[in-house]
Amino acid sequence: MKDRATMTHHERIAPLAELQANVSVPFAQARAMPRSVYLSQDFLDIENRDIFGKEWLCAGRASALAKPGDYLTMEIAGKPVIVVRDRDMTLRAFSNVCMHRMSTLLQGSGNTRAIVCPYHAWTYSLDGSLRGTMAMEQNEGFCKDHYKLPTFRCEEWLGWIMVSINPDIEPAAQKFAHLGKLVERYGMENYVQAFSETMEWDTNWKILAENFMESYHVPICHRKTIGPQVSLDEVELEEGHPTYNYHCSLKGEENYLALAHPDNTRLEGEDRRRTYIISLYPGLFISLSPGYFWYLSLYPIAPGKVQVVYGGGLAPEFIADGKSAEHFAALKSLLDEVNEEDKGCTEKVFNGLRGGLAEPGHLSHLERPNYDFAKYIASKLTA
Ligand code: FES
Ligand SMILES: [Fe+2]
């Protein structure tokens, strides 16, 4: 492979041209995305600029930042970001970079009364304004009131914390109104998170996304866990929407947590065993069952590395029935196993496509969401 420094602009954007050609055929003839879009650093740079830098990304469930001072940190398109619950209970997102000599401020997640820079202790309030400094009174140009951490968009939507570094983005509730309506009867905003963990997988973020959005792999990759509960004949597919895609599967009696609890009066008929598998572009992937939910929120780190926030929890009826600890334990061990199986499958795909011994094959009709996702990616990127 050629050194990036000596590549021409045309060579750098070649993966984008390949992707555009790939999605220009109708679904009935579609193939998987070209190898280059998973391997190229230049392509990831374009994705960061045009997708992760422009869209809403999920920072987890709002219930994880329940108290004033609860915070988490994340990186969006290379920019360090803090999300914090302010004293007035507002969720705020701002730059995680000190305005003195530009150290990052907070790390990981936790609770804090103020944001204190670990370098020279410039101290910011939970609304991002500079509250205190040491030994700055001799600098004539310095005025504390002129410093405030730049803010980013942050909104709560159906219990999710949505963050965007794009100041002009449409409000999340508006942008995702179509999906909100589709799953309204599930009451996802009332589902209770039981766990969330952050991990890194050795694969491209899109391979993980694509794995989530098709159930074609479920009977095989998950044959030791949920595979036997999913019948491919019962998978319900819809054409994608510009902001998300989804498909549904009907769960059998074996997984009682996937079914509506007897006290759940919101859902009727087949909905009581219908799981929605939702891919909210670009990085939030939700499996929403009548009894539980789990999700992955993805951020690319490198072409072959993705950060994964993995979380899940129960519908309120399963929390209220007195056996919630038992339900949590059963759910967590099942989901951990499923996730481990997905990790294995998606890391194998990245390993496999690296060597160039195969080219993308045709898609099954069960991979309709993958085609819609490829079209979404192609539509957002510019040369
Ligand atoms: S870099 Fe933050 S106080 Fe100096
Ligand atoms: Fe899977």
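Keep in mind the model is a prediction, meaning the values are calculated, not measured. We're numbering straight along the sequence, starting at 1. Both counts, for ligands and for their atoms, begin at 1 and track the order of listing.
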(request) Taking atom types as modelled, find out whether Glu55 and Ser164 have a side-chain donor-acceptor pair closer than 3.5 angstrom. (result) no
(request) Run through the side-chain heavy atoms of Ile, Leu, Val, Met, Phe, Trp and Tyr, join any pair under 4.5 Å, and report what else lands in Tyr147's cluster. (result) Tyr71, Ile82, Val84, Phe94, Met99, Leu105, Leu106, Ile115, Trp122, Tyr124, Leu126, Leu130, Met136, Phe142, Leu149
(request) Check whether any N, O or S atom of His222 sits under 2.8 Å from the Fe ion (ligand 2). (result) yes
(request) Check for a donor-acceptor pair, side chain of Thr346 on one end and backbone N or O of Lys343 on the other, with a separation under 3.5 Å. (result) yes
(message) With a cut-off of 2.8 Å, does Asp342 put an N/O/S atom close enough to the Fe ion (ligand 2)?
(response) yes
(request) Identify which protein N/O/S atoms are less than 2.8 Å from atom 4 (Fe) of ligand 1. (result) His100 ND1, His120 ND1
(message) Salt bridge or not between Glu340 and Lys224? Use side-chain N to carboxylate O under 4.0 Å.
(response) no
(request) Show your working on side chain to side chain contact (heavy atoms under 4.5 Å, CB included) between Val83 and Val163 and close with a plain yes or no. (result) CA-CA 8 Å; Val83 182; Val163 181; 3.8 Å; yes
(message) Could you work out, with side-chain hydrogen bond (donor to acceptor under 3.5 Å, both in side chains) as the rule, every residue matching Asn204, not counting sequence neighbours?
(response) Lys206
(request) Specify whether an N/O/S atom of His217 falls short of 2.8 Å from the Fe ion (ligand 2). (result) yes
(request) Under the salt bridge (charged side-chain N to carboxylate O under 4.0 Å, His left out) rule, collect the residues that match up with Arg31, sequence neighbours excluded. (result) none
